Amino acid sequence: MAKKKEELDEETLALIHWCIEVEGFLVQGGATVEQAQEHIEEQIEWFTDQFYDGLTPEEAAKEALA
């Protein structure tokens with residue numbers, strides 16, 4: 001029996017895309033892709049707060065690199 005594919009709501013998709021953009025800025029700031037992904041995963045609550053606080057991906061990456 002095939003599994004039903006779970007669909008994500010628009011807000012969750014927006015957060016995922018925002019994190020992908022943050023990842024790019026972290027890499028531009030000197031992190032490897034793996035380091036950026038690991039940092040986002042480890043600090044997902046902090047990044048989620050920044051998303052809901054209205055920070056741009058670039059602003060969140062700068063805060064994370066500070």
Side-chain angles (χ1 to χ4, degrees):
M1 184 173 216
K3 271 188 169 179
K4 182 179 177 186
K5 187 174 181 179
E6 183 178 330
E7 291 192 28
L8 301 174
D9 60 64
E10 287 183 31
E11 191 171 52
T12 302
L13 285 173
L15 175 60
I16 290 168
H17 289 289
W18 184 89
C19 286
I20 291 168
E21 289 184 52
V22 170
E23 177 186 309
F25 287 112
L26 291 173
V27 170
Q28 286 178 12
T32 65
V33 172
E34 293 79 17
Q35 289 170 330
Q37 290 174 351
E38 185 175 309
H39 182 68
I40 291 169
E41 289 172 10
E42 289 175 353
Q43 300 297 321
I44 193 60
E45 289 181 20
W46 183 86
F47 281 104
T48 301
D49 290 344
Q50 303 316 301
F51 172 78
Y52 285 112
D53 286 347
L55 268 67
T56 66
E58 185 174 14
E59 291 169 333
K62 284 180 182 178
E63 289 288 322
L65 292 169

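Please read these numbers as outputs of a predicted model, since none were measured by experiment. Only heavy atoms go into these numbers, but all of them, side chains included; no hydrogens, no water, no symmetry mates.
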- Nearest heavy-atom pair of Ala64 and Trp46: which atoms, and what distance? N-CH2, 3.9 Å
- Quick one: pull up CD in Glu7 and CG in Leu13 and give me the separation to the nearest 0.5 Å. 9.0 Å
- Message: If hydrophobic clusters are built from ILVMFWY residues whose side chains come within less than 4.5 Å, do Leu65 and Ile40 share one?
- Response: yes
- Within the distance-only criterion (no hydrogens, no angle test), does the side chain of Trp18 pair as donor or acceptor with the backbone N or O of Thr48 below 3.5 angstrom? no
- Is Glu11 close to Leu15 at the side-chain level, that is, under 4.5 Å between some pair of heavy atoms? no
- Heavy-atom pair of closest approach, residues Gly54 and Glu59: O-OE1, 4.3 Å
- Query: How long is the gap from OG1 on Thr56 to CD on Gln50, to the nearest 0.5 Å?
  - Reply: 10.5 Å
- Rounded distance [0.5 Å steps], CD in Gln28 versus CD in Glu23: 11.5 Å
- Note on the structure: Nearest heavy-atom approach of Ala61 to Val22 is CB-O, 4.1 Å
- Item | hydrophobic_cluster_shared for Phe47 and Tyr52, side chain cutoff 4.5 Å | yes
- Task: Using the rule that two of Ile, Leu, Val, Met, Phe, Trp, Tyr join whenever any of their side-chain heavy atoms come within less than 4.5 Å, decide whether Leu8 and Ile20 are in one cluster.
- Result: yes
- Message: Using side-chain heavy atoms (C-beta onward) and a distance below 4.5 Å, is Lys62 in contact with Glu58?
- Response: yes
- Identify the two heavy atoms, one from Leu26 and one from Ala36, that lie closest to each other, and give their separation to 0.1 Å. CB-CB, 3.8 Å
- Between SG on residue Cys19 and CD on residue Glu41, distance to nearest 0.5 Å: 10.0 Å
